[in-house]
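For reference, the structure is listed below as structure tokens.
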Protein chains: 2
Amino acid sequence: MISRQKLLEAAARVFAESGFRGATTRRIAEAAGVNEVTLFRLFGSKSQLLTEAMQCMHPNAGLNLPAEPGDVERELLTWSEGHLEAMRSMRHIIRKTMAELEEHPEMRQVVCDAKTPMFNQLLSYVSLAWPSATAGDESMRRTACSMLVSAMFSDAIGRDVVSAAYPVPAESAAQKYLTVFLRTMGPVRRPTAGRTLATAAND
Amino acid sequence: MISRQKLLEAAARVFAESGFRGATTRRIAEAAGVNEVTLFRLFGSKSQLLTEAMQCMHPNAGLNLPAEPGDVERELLTWSEGHLEAMRSMRHIIRKTMAELEEHPEMRQVVCDAKTPMFNQLLSYVSLAWPSATAGDESMRRTACSMLVSAMFSDAIGRDVVSAAYPVPAESAAQKYLTVFLRTMGPVRRPTAGRTLATAAND
DNA sequence: GTTGTATGCAAGTGCCTGCTTGCTCTGTGT
DNA sequence: ACACAGAGCAAGCAGGCACTTGCATACAAC
């Protein structure tokens with residue numbers, strides 16, 4: 001039974017390196033330290049193995065915004081930094097998965113299951129933190145949330161490729177994106193006392 | 001000599017559908033309506049053909065911001081819409097190229113040559129339109145430009161996959177992203193009279 | 001009319017691919 | 001002691017892969 005797990009992990013690793021076609025059963029078996037025949041005995045086919053391997057990935061478990069906004073800036077910063085780091089560490093597999101979508105539509109579910117809740121969570125949190133009157137119209141709010149998520153997504157998968165398009169250092173990128181987002185959204189419902197992110201950004 | 005061009009175009013097409021490994025010489029030759037042997041006679045190898053095919057792609061030719069800002073909002077809108085549409089139409093090949101980077105590093109140049117000038121052009125235009133005093137610090141300006149480009153990039157390659165993360169309709173997305181960007185940047189150096197994008201966004 | 005260039009066609013090479021078969025070993029429960 | 005499940009190993013199969021060879025054809029230049 002331990003061979004199963006080793007194969008699933010190896011499959012995800014090799015897929016992230018080389019994509020579907022490049023992830024040959026021989027390479028996966030070798031990476032798992034398992035005989036190639038065992039792969040077919042346990043999973044039946046290469047497609048089945050890779051499909052199962054993708055389904056057991058749930059990257060952003062435990063990265064939730066509170067149901068009721070408290071210290072909005074801090075909570076959003078923790079959330080943004082966590083998601084940015086998570087997406088960065090998965091950038092190879094994200095790139096490969098997005099490229100395989102036409103040929104393997106079942107992988108769409110994996111991408112959607114990761115990104116959709118992230119956006120929805122941000123949007124519902126923001127709706128509570130900025131009641132509609134203070135934040136421009138609803139469309140503006142949605143656009144701002146979409147842009148924050150897009151900035152992090154794009155940073156995660158693009159920074160190591162076109163570094164010139166990401167002028168902010170990697171470590172402070174989440175904070176900078178959030179600062180711009182906060183500037184768009186305007187003052188928060190319950191402003192925190194003292195030094196805030198918005199003023200700290202001018203350092 | 002016309003076979004050369006047919007093969008280059010077919011190679012780009014098949015690569016966009018199936019990636020490097022999936023773009024077999026047989027498929028490319030068939031798509032070009034040319035004998036497979038001709039492919040090897042003209043290009044020597046599959047790698048050579050695909051490398052040349054990628055190099056003759058210059059998607060954003062003729063999409064330039066003026067050297068001297070005039071009607072800033074209109075100019076930025078035209079520029080954003082043009083680039084968003086261009087990137088959307090190339091989303092398949094962009095996704096495939098980004099996935100091949102580890103195995104074919106020579107393709108990095110293609111991505112950089114497309115995205116870096118786009119960002120740099122925006123940044124230098126914005127530096128002229130918003131002198132530093134009115135636009136927050138330099139880091140903020142760079143971050144905002146990066147986020148606008150990221151929003152368009154992410155929209156182009158992600159909208160057809162995770163539509164839920166892009167709540168704005170495709171046709172007005174560029175305008176909405178730009179509106180948020182303008183809100184971040186504050187009033188433009190030479191404000192235009194009458195109805196502006198910022199007020200129009202509240203429709 | 002000959003030469004040269006560009007292309008097509010048929011066949012084949014050696015390698016890799018997903019997947020199978022048949023057999024062996026090893027540990028575990030009864 | 002025995003049965004049985006899990007796993008390894010060696011070998012092989014049919015098909016696809018990049019790429020080559022040899023030869024035939026068209027067409028333009030001289």
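Just so it is clear, the structure is predicted and the values come from calculations on it, not from any experiment. All chains are named by letter (A, B, ...) in the order of the sequence lines, taking the proteins before the strands, and each is independently numbered beginning at 1. No hydrogens, no waters, no symmetry mates; every other heavy atom, side chains included, goes into these values.
In this entry the distance linking CZ of A:Arg4 with C1' of D:dA5 reads 16 Å, nearest Å. In this entry the distance linking CG of B:Leu50 with P of D:dC17 reads 14 Å, nearest Å. Put simply, CG on A:Leu7 is 14 Å from P on D:dG6, counting in whole angstrom units. With rounding to whole Å, B:Gln48 atom CD is found 15 Å from D:dA18 atom P. Atom CD of B:Glu30 is separated from atom C1' of D:dC17 by 15 Å (rounded to the nearest Å). If you take CZ of A:Arg26 and P of C:dT17, they are 6 Å apart, rounded to a whole angstrom. Between the CG atom of B:Leu49 and the C1' atom of D:dC19 there is a distance of 14 Å, rounded to whole Å.
Along DNA chain D, the nucleotide nearest A:Val34 and the nucleotide nearest B:Arg21 are compared for position; the residue whose nucleotide lies closer to the 5' end is A:Val34.
Nucleic acid contact for A:Ala29: none, since no nucleic acid atom lies under 4.0 Å from a heavy atom of the residue.
With salt bridges taken as basic N to acidic carboxylate O contacts below 4.0 Å, none links A:Arg88 and A:Asp160. Remark: B:Glu100 does not engage A:Arg95 in a salt bridge, criterion side-chain N to carboxylate O under 4.0 Å. Between A:Lys96 and B:Glu102, at least one side-chain nitrogen of the basic residue sits less than 4.0 Å from a carboxylate oxygen of the acidic one, meeting the salt-bridge criterion. Between B:Glu138 and B:Arg141 a salt bridge is recorded (basic side-chain N to carboxylate O distance below 4.0 Å). In this structure, A:Glu171 does not pair ionically with A:Lys176, as no charged nitrogen and carboxylate oxygen lie closer than 4.0 Å.
A cation-pi arrangement is found for B:Lys46 relative to B:Phe20, the charged atom lying closer than 6.0 Å to the ring centre and inside a 45° cone about the ring normal.
OP1 and OP2 of C:dT7 both lie 4.0 Å or more from every side-chain N or O belonging to B:Asn35.
Interface residues of residues 36-46 of chain B facing DNA chain D, ordered by number: B:Glu36, B:Val37, B:Phe40, B:Ser45, B:Lys46; criterion, heavy-atom separation under 4.0 Å.
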